[in-house]
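Note sheet for the following structure.
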Amino acid sequence: MSDEESIIIKRLNKCPHSAHGGAWKIAFADFMTATAAFFLMLWVLGGTNDEEMKAMAEFFRDPTVIESSPMSIVESKEAGQTSDAMIDMGGFKDAPKGKDGDEDGSGKAEEKEEMELMKQQLEQKIEMNEMLKEFKEQLKIDVTPNGLQVQILDDRRKPMFGTGVDIPKAYASQILEEVGKVLATKNKSISIAGHTDSSGYHSNSEYTNWELSADRANAARRLLLNGGVDDKRIAQVVGLADTVPFDKENPYNPRNRRISIIVLNKEAEARLKSLSDAPDLENLTTQTIQ
């Protein structure tokens, strides 16, 4: 071999194929488990009422609250029964069935029939009264999850109230008194809410749509009393301004200006009562009755 000849040595670094381990499978399984637990938590919370939420919050603030007795009891205001667990999420054990499959046997079917009958009575009164019949399109009567809802809607040509004031027109007063005559025959609590559109009518910033809607709701309350409704049956009178529009697409639609009257069913009345009895309203999430 001469000095000019070069020796080239080529080294190939062979990396052995590492075995495909199962670490990724473990990570994926952990991810799926966490995802399932998250959706299970959402499902459980979706079926939890106010009393159960309060009990859960109390447990996380002080877990020792369940150690004071071998078995903690949570009272159910709606069913009038007790649960043998701290929180009864519902659906984990068979509930007693009442008529037409009522889960708590409280007669919800009969109560709904009563609401439907009241709706028919109001509709018949409207058809028999020429003045009321003229405003038929402005009267919306529905049986809702909260009870029987009667909404008296404004119209650009036939407003229920004068612009920016709480004084009802003569025909509006008669409508409310006629509604009161029908509602006076029942012994159920009533919620009254006043609503406005998004227009502002007063230059005085201290008198806003909040005050206006509340004043109109109180005017409606007085007219219902004139129709024969017992004052003790009025459970709530609120002004909601323009926060719950009838026409969500157009906040300036005159039909957003309305009075909403709800004859409360037992469940809605219990929710309202639990709100008024709550010791700490700031930490209590409630369902608004509209």
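Quick note: residue numbers are just sequence positions, from 1.
Under a hydrophobic-cluster definition in which Ile, Leu, Val, Met, Phe, Trp and Tyr are linked whenever side-chain heavy atoms come within less than 4.5 Å, directly or via other members, Met118 and Val229 are assigned to the same cluster. Under a hydrophobic-cluster definition in which Ile, Leu, Val, Met, Phe, Trp and Tyr are linked whenever side-chain heavy atoms come within less than 4.5 Å, directly or via other members, Leu225 and Leu183 are assigned to the same cluster. Following chains of ILVMFWY side-chain contacts shorter than 4.5 Å, one can reach Val150 starting from Ile259, so the two form part of one hydrophobic cluster. Both Ile141 and Ile261 are members of a single hydrophobic cluster when ILVMFWY side chains are connected at heavy-atom separations under 4.5 Å. Linking ILVMFWY side-chain heavy atoms closer than 4.5 Å, directly or via other members, places Val238 and Leu223 in two distinct hydrophobic clusters.
Evaluation of the salt bridge (Lys or Arg N to Asp or Glu O under 4.0 Å) rule for Lys112 yields no partner, not counting sequence neighbours. The salt bridge (Lys or Arg N to Asp or Glu O under 4.0 Å) test applied to Lys181 returns Glu178, not counting sequence neighbours. Glu211 meets the salt bridge (Lys or Arg N to Asp or Glu O under 4.0 Å) test with no other residue; sequence neighbours excluded. Remark: Arg221 engages Asp231 in a salt bridge (Lys or Arg N to Asp or Glu O under 4.0 Å) (not counting sequence neighbours). For the side chain to side chain contact (heavy atoms under 4.5 Å, CB included) test, residues two or more places apart in sequence or in another chain that qualify with Thr196 are Asn209, Leu212, Ser213, Ala241, Asp242. Remark: Asp154 engages Arg257 in a side chain to side chain donor-acceptor pair (under 3.5 Å) (not counting sequence neighbours). By the ring pair (Phe, Tyr, Trp, His ring centres under 6.0 Å) test, Phe135 is found to be paired with Tyr171, residues two or more places apart in sequence or in another chain being considered. Residues passing the side chain to side chain contact (heavy atoms under 4.5 Å, CB included) test with Glu127 are Lys133, Lys136, sequence neighbours excluded. For Ile152, the side chain to side chain contact (heavy atoms under 4.5 Å, CB included) partners two or more places apart in sequence, or in a different chain, are Leu139, Met160, Ile175, Leu176.
When each of Lys140, Arg258, His195 is tested with Gln151 by the rule side chain to side chain donor-acceptor pair (under 3.5 Å), just one qualifies, namely Arg258.
Looking at Gln138, its side chain does come within 3.5 Å of a backbone N or O of Leu153 through a donor-acceptor pair. A donor-acceptor pair is defined here as one N or O able to donate and one able to accept, closer than 3.5 Å; no such pair exists between the side chain of Asp230 and the backbone of Arg233. The backbone N or O of Val165 lies less than 3.5 Å from a partner atom in the side chain of Arg216, making a donor-acceptor pair. Proximity of a side-chain donor or acceptor of Glu111 to a complementary backbone N or O of Lys266 within less than 3.5 Å is detected.
Between Met115 atom CE and Lys186 atom NZ the span is 9.5 Å, to the nearest 0.5 Å. We find the CD-CG distance between Gln174 and Asn226 to be 12.5 Å, quoted to the nearest 0.5 Å. Atom CG in Leu148 sits 10.0 Å away from atom CD in Gln121 (nearest 0.5 Å). Remark: Leu272 CG to Ser191 OG distance equals 6.5 Å, nearest 0.5 Å.
Remark: Asn187 CG is loosely packed, at most 12 non-hydrogen atoms of other residues, nucleotides or ligands lying under 6.0 Å away.
Using a 3.5 Å distance cut-off with no hydrogens or angles, the side chains of Asp197 and Asn256 do not pair a donor with an acceptor. Between Glu269 and Ser189, the side chains place a donor N or O and an acceptor N or O closer than 3.5 Å (distance only, hydrogens not considered). Asn250 and Arg255 share no side-chain donor-acceptor pair at under 3.5 Å.
The two atoms that bring Phe161 and Ala219 nearest to each other are CE2-CB, 4.3 Å, heavy atoms only. Nearest heavy-atom pair across Ala193 and Ala217 is C-CB, 4.1 Å. Considering all non-hydrogen atoms of both residues, Asn265 and Gly147 come closest at ND2-N, 3.5 Å. Across all their heavy atoms, Ile190 and Ile192 have their closest contact at CG2-CG1, 4.0 Å.
Taking Ile, Leu, Val, Met, Phe, Trp and Tyr as members and joining any whose side-chain heavy atoms lie under 4.5 Å apart, directly or through other members, Leu117 forms no hydrophobic cluster with any other residue. Residues Phe28, Phe31 make up the rest of the hydrophobic cluster containing Met32, defined by ILVMFWY side-chain heavy atoms closer than 4.5 Å, directly or through other members.
For residues 161-172, there are no salt bridge (Lys or Arg N to Asp or Glu O under 4.0 Å) pairs, not counting sequence neighbours.
Put simply, the side chain of Tyr207 reaches to within 4.5 Å of the side chain of Asp215, judged on heavy atoms. Contact annotation: the side chain of Pro251 never approaches that of Pro245 to less than 4.5 Å [non-hydrogen atoms, C-beta and beyond].
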